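Below is one structure, written out as structure tokens; the observations come after it.
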Amino acid sequence: QQQQLPQQNEPAVRRLPSKPLIRMTGEDAPSAITMSSNWQDGVNDSLNESRDDVAVDEQQAALSKPRIRTHSRSVATQNQSMASDHVLEMQTFAQPEKCNFCSSLMRGVFRQGMRCSRCQYMCHASCAPLLKQGHQTCPSTATGPRSNPSKGRGMAFEGLIWHPKPSGVRKGWEQALMTVCDARLSVHELYDSMKRKGRDSMGGHGVGADCVSSGNSIFVDLRDKTVEATSVTEADVIHISSKELLPRIFKIKYGGSHGVPAAEHLLMADSVQDQQRWMDAINKVCRIARELPPSAAPLACEPIIDSHFFTELRKIECAARVGNTLLLGGATGLYAVDFRAGGRRFEIGDIKAVTSIVVLPGQQAFACLCGKSCQVRLLNTQKALRLRDDGQKLPETRGSHLVAIGFVEGKPILVAANRKKLVVYSLDATTFVATLLSEGTLPAQALTLAVTPYGVCVGFERMFTLYDIEQFRGTPLLSMTEQALRFIKDADVSVKLMPVRSFCISPEMRGEPLGSAGVTELVLCFNSFGIVVNRIGLLCREVELKWSNTMTDFSLFYPYLVCYSSDFAECYNLQSGSLERIWAIPNIHVLGVREGLLMTSYGNELHCVCVQDQREGAERFIVPERIGSSGTGAGVATGSAVAAAAAIAAANAPTTGSSASISSTAGAAGGSAAGSHHSDDDASRRESTASGGTPGLMRRLTFIATRNKDKDKEKEEKKEKEE
């Protein structure tokens with residue numbers, strides 16, 4: 001029962017069944033778009049709206065849109081003629097659903113909202129108390145505040161759209177659901193598309209060809225001034241199979257500010273008329289959303305370095321921050337970039353295959369998981385940065401896959417996990433030399449590891465456990481006696497609830513006086529939700545955090561929690577549970593959790609960005625403008641920066657030229673690339689020379705020449721030893 005597109009040259013494109021998934025409202029709305037009339041007119045809904053019309057619309061929506069039951073057992077329908085309160089139960093919806101009370105989308109992939117077992121009325125958990133206050137009875141189709149464009153609230157429009165397959169437009173297009181709700185644009189993939197990718201769904205029941213994923217593949221905040229919907233040219237879609245599809249294709253442009261690289265996403269409408277209406281609708285909502293008040297979260301993405309400045313960035317797997325120095329680890333070694341010295345880069349010791357770096361907070365020590373045998377090295381920060389010391393090898397950690405460092409009862413502790421084995425070291429407070437303290441066995445393989453003031457927090461599937469570092473007595477952090485936490489144990493076996501990260505919130509972080517008897521809270525982050533408990537596993541806060549998609553990692557900037565997905569990052573407020581900000585960042589790879597260090601790639605360029613806290617007293621990178629990522633709004637690629645990149649590339653070449661040849665090569669590259677920036681570079685050199693310093697370019701060239709001389713000396717010494 002599937003229909004083919006009118007174009008005969010596009011066999012890879014398939015349509016959904018003829019029965020429309022999304023109902024049509026409005027006179028001018030295209031067949032694939034559902035437009036809210038008040039968003040379309042840009043005015044508020046009238047408070048005197050007829051409740052009978054609303055009831056008819058809601059009933060039509062329920063009939064036209066197929067419902068997916070999340071439980072295998074059937075729910076018996078009660079006699080709806082009897083007036084009583086709603087019987088609301090928390091549900092996991094397999095596809096996006098709208099709240100019948102506020103009309104906003106119930107986002108998330110697990111326990112998105114509540115449903116009445118009698119009349120199938122659906123609403124947010126936060127909207128449920130408002131139903132009781134309004135004395136609404138069951139059955140009921142009464143609604144609360146509808147879409148309000150002046151406040152960016154409610155569903156603006158939704159509809160079916162086509163987006164490229166993961167392998168590109170050359171392989172064809174897939175149909176998806178695009179929604180604009182609460183001034184945010186999101187694209188939800190279809191289940192048949194997700195099956196081809198081999199992904200697991202959180203819903204797990206009733207999967208069909210016309211079902212939509214509850215998670216987002218694209219999530220963009222329309223309050224960003226860079227978001228725009230525009231048409232495309234032949235240069236934008238050179239690999240398209242048929243040029244007849246070109247008038248139906250448009251693109252969503254986003255990023256390019258606040259340290260986020262500029263990116264775009266191609267979409268295709270069903271017809272040329274729908275393409276123009278899609279673009280007009282999105283741009284109209286963008287103009288309204290930009291007038292909304294900005295987010296209150298004092299966090300911003302700022303560029304650190306890019307692949308032009310650091311050529312080995314493609315091989316980097318992890319990163320950390322020590323003061324204003326950036327530590328980078330990868331397959332080629334352990335590197336440090338000192339921003340206090342103009343971005344001077346050097347290699348630390350003879351350490352290879354670095355997969356993880358953890359820093360002891362506020363102290364001069366850090367550890368890394370490195371080598372073919374995955375062994376932990378403990379390094380003193382001053383010795384590593386000044387003397388290039390290799391640090392101390394910990395032989396008991398051979399074969400480890402996780403490492404953590406922190407304070408337990410005020411004492412520095414290092415912990416490493418090797419599958420089911422846990423090794424604990426105590427660190428000297430002055431020399432930071434590790435001493436084996438204890439070893440223990442875990443009931444299963446550790447998936448996450450963190451050091452808290454009360455012990456070591458280990459994450460297993462569906463569980464976090466707090467262990468004593470001496471006797472290894474485990475305390476479950478999810479108490480099954482807590483009725484609000486039983487959903488974790490009762491969840492279906494097909495639903496994968498994997499632990500990702502755990503954080504500790506001390507009373508000092510909450511602003512309580514030092515030494516107060518406040519409770520230390522633990523934030524437990526799963527891939528689909530998050531909760532806050534105390535040390536014995538009881539809930540500290542009633543707020544249950546629900547992510548918009550399956551998350552891969554997290555960073556804590558109390559009271560804000562930043563969540564990372566594959567193509568966007570979200571910022572949640574732990575006190576209210578609300579979503580504060582979204583960064584649409586393509587191809588995210590988390591390098592450092594504690595510092596919010598990310599690597600993102602778009603096209604052939606790689607960028608290292610950092611989520612920085614803008615509040616007073618917060619630790620943050622201070623990056624020179626010439627080192628900042630070019631094209632992301634924080635730095636300008638001047639001639640000296642291009643020359644420095646050329647000099648580093650020349651130094652990394654397999655030649656052993658002298659410093660004079662390297663200087664001439666870099667100077668030629670800088671002179672040809674500087675162009676109109678020549679006068680600015682001369683002024684900067686004169687200013688630097690007058691102040692008694694050396695220009696940043698000359699410092700880098702001097703360091704490169706010195707490094708090459710040292711390598712030549714090492715080669716000569718090796719030859720002499722062999723002879």
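Just so you know, these numbers come straight off a predicted model, no measurement behind them. If you read the sequence from its start, that first residue is 1, and numbering goes on from there. Note that these values count all heavy atoms, side chains included, but never hydrogens, waters or copies made by symmetry.
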Check for a donor-acceptor pair, side chain of Ser295 on one end and backbone N or O of Ala297 on the other, with a separation under 3.5 Å. yes
Looking at Tyr564 and Gly596, what are the two nearest heavy atoms and their distance? OH-CA, 3.6 Å
Can a donor-acceptor pair be found between the side chains of Asp182 and Ser104 at a distance below 3.5 Å? yes
For the pair Glu544 and Arg111, find out whether any cationic side-chain nitrogen is under 4.0 Å from an anionic carboxylate oxygen. yes
Answer with yes or no whether the side chains of Ser506 and Thr520 bring together a donor and an acceptor at under 3.5 Å. no
For residues Gly577 and Leu545, report the shortest heavy-atom separation together with the two atoms involved. CA-CD2, 3.6 Å
Do Asn527 and Val109 have side chains that approach each other closer than 4.5 Å (heavy atoms only, starting at C-beta)? no
Which residues pass the side-chain contact (heavy atoms from CB on, under 4.5 Å) test with Pro476, not counting sequence neighbours? Met463
Please find the pair of heavy atoms, one from Thr448 and one from Arg501, that lie closest to each other, and give the distance. CG2-N, 4.0 Å
Rounded to the nearest 0.5 angstrom, the CG-CD1 distance for Leu478 and Ile488 is 4.5 Å
For Phe554, all residues meeting ring pair (Phe, Tyr, Trp, His ring centres under 6.0 Å), sequence neighbours excluded: Trp547
Are Ile585 and Leu598 close enough, and set up right, to give a side-chain contact (heavy atoms from CB on, under 4.5 Å), and what steps lead you there? CA-CA 10 Å; Ile585 306 176; Leu598 311 174; 4.1 Å; yes
Quick check: do Val187 and Leu177 have side-chain heavy atoms less than 4.5 Å from each other? no
When rounded to the nearest 0.5 angstrom, what distance separates OG1 in Thr179 from CZ in Arg184? 11.5 Å
Is there side-chain contact between Ile531 and Leu485, with heavy atoms separated by less than 4.5 Å? yes
Looking at Asn587, is its backbone amide N or carbonyl O close enough to the side chain of Asp567 to form a donor-acceptor pair, meaning the two atoms are under 3.5 Å apart? yes
Check side-chain contact (heavy atoms from CB on, under 4.5 Å) between Ala125 and all other residues, then give those that pass, not counting sequence neighbours. Met90, Met114
Arg535 meets the salt bridge (charged side-chain N to carboxylate O under 4.0 Å, His left out) criterion, sequence neighbours left out, with none
Would you call Leu447 and Pro499 a side-chain contact if the rule is heavy atoms closer than 4.5 Å? yes
Begin from the C-alpha positions of Phe219 and Arg107 and carry the test side-chain contact (heavy atoms from CB on, under 4.5 Å) through to its verdict. CA-CA 11 Å; Phe219 204 20; Arg107 299 190 184 276; 3.5 Å; yes
Which pairs with one or both residues in residues 571-599 pass salt bridge (charged side-chain N to carboxylate O under 4.0 Å, His left out), sequence neighbours excluded? none
I'd like to know if the side chain of Tyr467 pairs up with that of Thr475 as donor and acceptor (distance under 3.5 Å, no hydrogens or angles considered). no
Just by distance, do the side chain of Tyr254 and the backbone of His265 share a donor-acceptor pair under 3.5 Å? no
For the pair Gln112 (side chain) and Phe93 (backbone), establish whether a donor and an acceptor sit closer than 3.5 Å, ignoring hydrogens and angles. yes
For the pair Glu512 (side chain) and Glu508 (backbone), establish whether a donor and an acceptor sit closer than 3.5 Å, ignoring hydrogens and angles. no
Any His124 side-chain heavy atom under 4.5 Å of Cys102 side chain: yes
Work out which heavy atom in Pro443 is nearest to a heavy atom in Phe460; give both atom names and the distance. CD-CZ, 4.0 Å
Nearest heavy-atom approach of Cys116 to Leu88 is N-CD2, 3.6 Å
Flag the pair Leu538 / Val533 as yes when at least one side-chain heavy-atom distance between them is below 4.5 Å, and no otherwise. no
For Arg473, all residues meeting salt bridge (charged side-chain N to carboxylate O under 4.0 Å, His left out), sequence neighbours excluded: Asp468
Quick one, Cys571 with Phe557, criterion side-chain contact (heavy atoms from CB on, under 4.5 Å). Give me CA distance, side-chain angles, the key distance, then yes/no. CA-CA 10 Å; Cys571 176; Phe557 304 89; over 6 Å; no
Side chains of Cys457 and Leu477: does their closest heavy-atom pair fall under 4.5 Å? yes
N/O donor-acceptor pair under 3.5 Å between Thr600 side chain and Pro586 backbone: yes
Look only at the side chain of His401 and the backbone of Ala446, and say whether a donor-acceptor pair between them is shorter than 3.5 Å. yes
To the nearest 0.5 Å, tell me how far Ser479 OG sits from Asn534 CG. 9.0 Å
Could you work out, with side chain to side chain donor-acceptor pair (under 3.5 Å) as the rule, every residue matching Arg419, not counting sequence neighbours? none
Would Ser548 and Glu570 satisfy side-chain contact (heavy atoms from CB on, under 4.5 Å), going step by step from the backbone distance to the final call? CA-CA 8 Å; Ser548 298; Glu570 300 176 339; 2.6 Å; yes
Of all the heavy-atom pairs spanning Ala417 and Leu422, show the shortest one and how long it is. CB-CD1, 3.9 Å
Is there a side-chain contact between Leu574 and Val543 (heavy atoms, below 4.5 Å)? no
Using the side-chain contact (heavy atoms from CB on, under 4.5 Å) criterion, which residues pair with Pro453? Sequence neighbours excluded. Cys504
Point-to-point distance, once rounded to the nearest 0.5 Å, from OG of Ser103 to NZ of Lys98: 7.0 Å
In Å, rounded to the nearest 0.5 Å, how long is the span from CZ of Phe503 to SG of Cys525? 5.5 Å
Ala618 meets the side-chain contact (heavy atoms from CB on, under 4.5 Å) criterion, sequence neighbours left out, with Asp613
CG of Asp553 to CG of Leu591: how many Å apart, nearest 0.5 Å? 10.5 Å
List the residues meeting salt bridge (charged side-chain N to carboxylate O under 4.0 Å, His left out) with Arg223, not counting sequence neighbours, and say none if there are none. Asp221
Sequence-distant partners of Glu521, salt bridge (charged side-chain N to carboxylate O under 4.0 Å, His left out), two or more places apart: Arg510, Arg541
Side chain Ser565, main chain Phe568, donor-acceptor under 3.5 Å: no
If only atom types and distance count, is the side chain of Asn573 paired as donor or acceptor with the main-chain N or O of Ser578 below 3.5 Å? no
My understanding is that only residues two or more places apart in sequence, or in another chain, count here; which of them pass ring pair (Phe, Tyr, Trp, His ring centres under 6.0 Å) with Phe526? Phe464, Phe529
